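Because the structure is predicted, anything quoted here is derived from the model rather than measured.
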Amino acid sequence: MADIVDTAVSAGSFTTLVAAVQAAGLVDTLKGAGPFTVFAPTDEAFAKLPAGTVEALLADIPKLTKILTYHVVAGKVMAADVVKLTSAKTVEGSEVKIDASSGVKINDSTVVTPDVAADNGVIHVIDTVLLPA
């Protein structure tokens, strides 16, 4: 197995997320012991943001870091556990809303692939970038 960052890199559908993690200086953190649960937006999820958003975030590291850490929950929370929750506190400090009534939604995003295992946690692939309030 590989850590969360290497798992995301090898998947090939998270180039924007990996570039953002690198720009924000979070690689070492996400390669750390963890465990972490990462709600990982695909490249298609980033592409749904308004034009210029990703470039603007890459130029605003504090804002980028806030958004990225809003996608991370401390601990390894597998899908079987996620469906029992109604919210989860993120590393950023605020909560994401969880709705498991029909599939699993994190705020307005849908989990498209749950339980992608990594050495130091788990990745749940999502179809929309989560934006903190």
When you measure from the side chain of [X] to the backbone of [Y], do you find a donor-acceptor pair of N or O atoms at a distance under 3.5 Å?
X: Thr53; Y: Pro50; answer: yes
X: Tyr70; Y: Glu95; answer: yes
X: Thr37; Y: Gly75; answer: yes
X: Thr7; Y: Ala2; answer: yes
X: Asn120; Y: Gly34; answer: no

Shortest non-hydrogen contact between Gly121 and Pro35, atoms and distance |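 Minimum heavy-atom separation between Gly121 and Pro35: CA-CB, 4.2 Å.
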Which heavy atom in Ala79 sits nearest to a heavy atom in His124, and how many Å separate them?
->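 Scanning both residues completely, I find the closest heavy atoms to be N-CE1, 3.6 Å.
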Applying side chain to side chain donor-acceptor pair (under 3.5 Å), name anything that partners Lys48, two or more places apart in sequence or on another chain.
->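 Lys48: side chain to side chain donor-acceptor pair (under 3.5 Å) contacts with Thr128.
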Can you list every salt bridge (charged side-chain N to carboxylate O under 4.0 Å, His left out) pair that touches residues 114-133, not counting sequence neighbours?
->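 As it turns out, there is no salt bridge (charged side-chain N to carboxylate O under 4.0 Å, His left out) pair with a partner in residues 114-133 once direct neighbours are skipped.
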Sequence neighbours excluded, every pair satisfying salt bridge (charged side-chain N to carboxylate O under 4.0 Å, His left out) that has a member inside residues 2-19 =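 Listed once each, the pairs are Asp3-Lys31, Asp6-Lys31.
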State, yes or no, whether a side-chain contact exists between [X] and [Y] at a heavy-atom distance under 4.5 Å.
X: Phe39; Y: Thr90; value: no
X: Gln22; Y: Val5; value: no
X: Ile98; Y: Ile106; value: yes
X: Phe14; Y: Val9; value: no
X: Val111; Y: Ile126; value: yes
X: Leu17; Y: Leu68; value: yes
X: Leu64; Y: Ile67; value: no

In terms of hydrophobic clusters joined by side-chain contacts under 4.5 Å, are [X] and [Y] together?
X: Leu85; Y: Val125; value: no
X: Val18; Y: Val21; value: yes
X: Leu57; Y: Leu30; value: yes
X: Val72; Y: Val77; value: no
X: Val83; Y: Val38; value: no

side-chain contact (heavy atoms from CB on, under 4.5 Å) evaluation trace for Val129 with His71 = CA-CA 8 Å; Val129 176; His71 288 78; 3.9 Å; yes
Are Ser87 and Lys97 linked by a side-chain donor-acceptor pair shorter than 3.5 Å?
->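 No, because no side-chain N or O of Ser87 sits under 3.5 Å from a partner of the opposite role on Lys97.
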Using a cut-off of 6.0 Å, state whether more than 12 heavy atoms not belonging to Asp43 lie near its atom CG.
->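 For Asp43, atom CG is crowded (more than 12 foreign heavy atoms under 6.0 Å).
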